[in-house]
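Down below is the structure, laid out as structure tokens.
Chain naming here is simple, since letters A, B, ... match the order of the sequence lines and numbering starts at 1 in each. Quick caveat, the model's predicted, so the values are computed rather than measured.
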Amino acid sequence: MLDMKFVRENADAVLANTANKNERADVARLIESDAERRRLIAETDVLKNKRNVTSEEIATLKKAKEDATAKIEEMRAVGDAIKANDEQLRGLEEEMQTILMRIPNMLHKSVPVGRDASQNVEIRSTVEKIPQEWRKNHVEISKQLNILDFERGAKVSGSGFGFYVGKGATLERAMLNLFLDTHIAQHGYQEMMPPFAVNRASMVGTGQIPKMEDDMYRCADDDLYLIPTAEVPLTNFYRDDVLNEKDLPVKFAGYSACFRREAGSYGKDSRGFLRVHEFNKVELVKFTKPEDSYNELETLTNDVENLLRLLELPYRVILLCSGDTSFNSAKTYDLEVWSPAEQKYLEVSSCSNFESFQARRANIKYRNNEGKLEFVHTLNGSGLATSRIMVAMLEHHQTEDGRIRIPDALRPYTKFDYIG
RNA sequence: GGAGAGAUGGAUGAGUGGCUGAAGUCAACGGUUUGCUAAACCGUCGUAGUGUUUAGGCGCUACCGCGGGUUCGAAUCCCGCUCUCUCCGCCA
């Protein structure tokens, strides 16, 4: 959520930014309502002041045992006027809130304007040349090695759910442990294990609601939502909290299962693990001082790249253009790994700086060294999600004789060197 | 699931209709004193909205878990909700 004062003073920029993100919001209406709101507040505050002053006079009169009925009668009307104004004000603010919540975050000046993914910019790449040789795709090879089972996943849960079997399950667990250990021991994150179900306020806090509400699993009886990412509980950990400047940056690394309904996206990338309803992920979340957040975005991205190097997967880093940058984000780097079977890049991580956009909505502040309160900047990135990484692993480390080679960094965790 | 108790500022903890944005204590910050530390003493010390001001500031309004209601006036009375704690039951 943007600051209303900022919108008021930068209406044109906000409008242009919204268009660059391929979003729509009635900024003009918002500005109008804002002016009306302030007029109404001024008017009502005068009435309330009158009420307070007169009430005191009434108290004085009563104490002196004098007659106060005239003033009381007068205040009855004032009270009604206040009530009417407050009601109007509430309606107005609700309407403003609705519009304000639909205005996307301002993009950082380094983000190129562009319509869609085709205009993203490659920042760096470790892919020497795109390998063209055919390899078995992850569904075929995993069936052959009996390490993933989607058919039975569909039977037990439904389409889009899978079992990890035997060494497949071990590999999955090994990767998650490697990710967590690396972030904690080498990158300085604090390990967190969050709840996988959260309340509505948390979903609003990180911005999944209202925009993505239909994409989430909901337990209606308890008004709980299954998290689509650990970003939600990890960021909301500090909702309505005040941090100290000396404690920043706070860096969390947390594993969670992630649940996504992926409503309406069948047929697109839907094979095997490319798009599933439940997957495992280690999420990185940072709370930083405003002046540090862009440096922290770079180190966050590097932390994730480090994992890809450990997994011996060639990748590239993409700076998303305006049209491809998510609603909440000011700047996003995507990390992509080439899939020889799909003949395209797979997004395996998304590292974003939300600046104060989430913090304002979730009300996360810090007290700076002068004692003043300010919103923190929040960042997050997948570090990493295993489903697509599993796809890449099975394709890239496939040997000619149909086995899977385990990269050196993972072997202490898997305790085996090959699958098959 | 059943019974009860509670929710006030950074923390404790007063406050049962008007003079309470809120006592006292602690913590924190600034100062005095002091070989140093401590103690003592003095002072400061909530957030948000809105208006005004070149600035520092100043004014007004709101906020005592959340939402309603009663009243000229609510931290205080009434109703609903949420959360926390204790006891009993059930269960991993």
Side-chain angles (χ1 to χ4, degrees), chain A residues 1-9 30-101 193-205 209 218-225 233 236-248 250 287 356-376:
Chain A
M1 178 168 72
L2 294 177
D3 181 13
M4 185 59 227
K5 196 181 291 176
F6 176 86
V7 176
R8 185 191 305 154
E9 287 161 7
L30 182 63
I31 301 276
E32 247 173 66
S33 302
D34 175 58
E36 172 65 7
R37 169 177 172 270
R38 283 184 293 155
R39 189 194 65 73
L40 209 52
I41 285 177
E43 183 184 306
T44 311
D45 278 0
V46 169
L47 291 175
K48 284 180 176 171
N49 178 241
K50 183 170 187 186
R51 177 177 70 183
N52 290 344
V53 170
T54 311
S55 285
E56 217 162 299
E57 290 169 7
I58 291 171
T60 312
L61 285 176
K62 287 209 163 182
K63 201 160 274 182
K65 301 265 188 259
E66 288 176 44
D67 179 49
T69 47
K71 283 189 188 296
I72 289 176
E73 199 50 48
E74 187 191 351
M75 279 309 99
R76 214 185 293 273
V78 172
D80 288 346
I82 290 173
K83 194 173 285 187
N85 275 11
D86 274 345
E87 206 159 301
Q88 198 183 338
L89 203 54
R90 203 175 326 132
L92 202 55
E93 286 180 343
E94 205 169 297
E95 185 194 313
M96 288 175 63
Q97 191 70 4
T98 305
I99 301 177
L100 203 53
M101 295 267 262
M193 197 169 284
F196 295 178
V198 302
N199 58 30
R200 187 181 171 83
S202 296
M203 285 297 185
V204 171
I209 288 177
R218 182 175 174 196
C219 313
D221 284 347
D222 302 292
D223 202 23
L224 288 172
Y225 295 81
N236 278 282
F237 185 80
Y238 282 129
R239 172 153 52 86
D240 295 322
D241 249 322
V242 177
L243 307 178
N244 286 315
E245 173 160 0
K246 66 175 167 51
D247 297 328
L248 298 178
V250 171
F287 304 84
S356 59
F357 195 78
Q358 265 185 343
R360 187 170 296 104
R361 187 186 280 225
N363 190 29
I364 306 171
K365 296 179 175 171
Y366 77 101
R367 196 174 290 281
N368 66 25
N369 291 334
E370 282 91 64
K372 272 187 62 187
L373 290 176
E374 253 186 288
F375 288 111
V376 298

Any Asn52(A) side-chain N or O less than 4.0 Å from OP1/OP2 of C60(B): no
Identify the nucleotide, in any strand shown, that forms a Watson-Crick or G-U wobble pair with A27(B), with both distances under 3.5 Å; if there is none, say none. none
Rounded P spacing from C64(B) to G21(B) in Å: 12 Å
When rounded to the nearest 0.5 angstrom, what is the spacing between CD in Glu93(A) and CG in Leu40(A)? 9.0 Å
If the cut-off is 4.0 Å, is Arg51(A) near the phosphate of C72(B), judged by side-chain N/O to OP1 or OP2? no
Mind checking the C1' distance from C85(B) to G10(B)? Whole angstroms is fine. 22 Å
Say we look at A5(B) and G65(B): how far apart would their C1' atoms be, to the nearest angstrom? 16 Å
Below 4.0 angstrom, N of the basic side chain to O of the carboxylate: do Glu36(A) and Arg39(A) qualify? yes
Starting from C1' on G68(B), measure out to CD on Glu87(A) and report it in whole angstrom. 12 Å
With rounding to the closest Å, how many angstrom separate the P atoms on C87(B) and G30(B)? 45 Å
Which residue, Glu56(A) or Arg38(A), contacts RNA chain B at a nucleotide closer to its 5' end, judged by nearest heavy atom? Glu56(A)
Scanning all shown strands, the Watson-Crick or wobble mate of A22(B) with both distances under 3.5 Å is none
Please state how far atom CZ in Arg37(A) lies from atom C1' in G51(B), giving the value in whole angstrom units. 13 Å
Please determine, for G4(B), whether a Watson-Crick or G-U wobble partner exists with both distances under 3.5 Å, and give it or none. C85(B)
Short side-chain N/O contact to G46(B) OP1/OP2 from Lys372(A), under 4.0 Å: no
Contact class for Lys365(A) (heavy atom, under 4.0 Å): base, sugar-phosphate, or nothing? sugar-phosphate
Which whole-number value in Å describes the distance from Glu93(A) CD to A48(B) C1'? 12 Å
Pairing partner (Watson-Crick or G-U wobble, both distances under 3.5 angstrom) of U16(B): none
Atom CD of residue position Glu9(A) - does it have more than 12 heavy atoms of other residues, nucleotides or ligands inside 6.0 Å? yes
For C90(B), the Watson-Crick or wobble partner whose two distances fall under 3.5 Å: none
Under 4.0 Å between a side-chain N or O of Arg76(A) and OP1 or OP2 of C72(B)? yes
Can you measure Leu100(A) atom CG to G49(B) atom P for me and round it to whole angstrom units? 13 Å
Partner lookup for A55(B), please. Criteria are Watson-Crick or G-U wobble with both distances under 3.5 angstrom; report none if nothing qualifies. none
Within this structure, what is the CG-to-C1' distance between Leu243(A) and G10(B), rounded to whole angstrom? 14 Å
With a 3.5 Å limit on both atom pairs, tell me what C60(B) is paired to, counting Watson-Crick and G-U wobble, or say none. G49(B)
With nearest nucleotide decided by heavy atoms, which residue, Asp3(A) or Ile58(A), maps closer to the 5′ end of RNA chain B? Asp3(A)
Distance check, P atoms only: G6(B) and A14(B), in whole angstrom units. 12 Å
Cationic N near anionic O, under 4.0 Å, Arg38(A) to Asp34(A): yes
U82(B) to C66(B) separation - P atoms, rounded to the nearest Å: 15 Å
Work out which heavy atom in Met96(A) is nearest to a heavy atom in Leu30(A); give both atom names and the distance. O-CD1, 3.6 Å
Step by step, would you call Phe375(A) with Asn363(A) a side chain to side chain contact (heavy atoms under 4.5 Å, CB included)? CA-CA 7 Å; Phe375(A) 288 111; Asn363(A) 190 29; 4.0 Å; yes
When you check the side-chain N and O atoms of Asn199(A) and Ser202(A), is any donor under 3.5 Å from an acceptor? yes
When you compare G67(B) with A74(B), how far apart are their P atoms, in angstrom units rounded to a whole number? 15 Å
Take atom P in A23(B) and the same atom in U32(B), then report the distance between them in whole Å. 28 Å
Atom pair distance, as rounded to whole Å: NZ in Lys246(A) and C1' in G10(B): 13 Å
Need the pair for G35(B). Rule: Watson-Crick or G-U wobble, both distances under 3.5 Å, any strand; none if unpaired. none
Leu373(A), nearest nucleotide to its side chain (from U47(B), C60(B), C72(B)): U47(B)
Touch check for Lys5(A), heavy atoms < 4.0 angstrom, all strands: base, sugar-phosphate only, or nothing? nothing
Which is true for Arg8(A) with a 4.0 Å heavy-atom rule: it touches a base, it touches only sugar-phosphate, or it touches nothing? sugar-phosphate
Here the distance between atom C1' of G51(B) and atom CG of Asp34(A), to the nearest Å, is 14 Å
Over all strands shown, is Lys71(A) touching base, sugar-phosphate only, or nothing at heavy-atom distances under 4.0 angstrom? nothing
For Asn49(A) and U61(B), is the shortest distance between a side-chain N/O and OP1 or OP2 below 4.0 Å? yes
Quick one: CD on Glu43(A) to CG on Leu89(A), what's the gap to the nearest 0.5 Å? 10.5 Å
Closer than 4.0 Å, any side-chain N/O of Arg367(A) to the OP1 or OP2 of G10(B)? no
Is the phosphate of G68(B), meaning OP1 or OP2, less than 4.0 Å from a side-chain N or O of Arg90(A)? yes
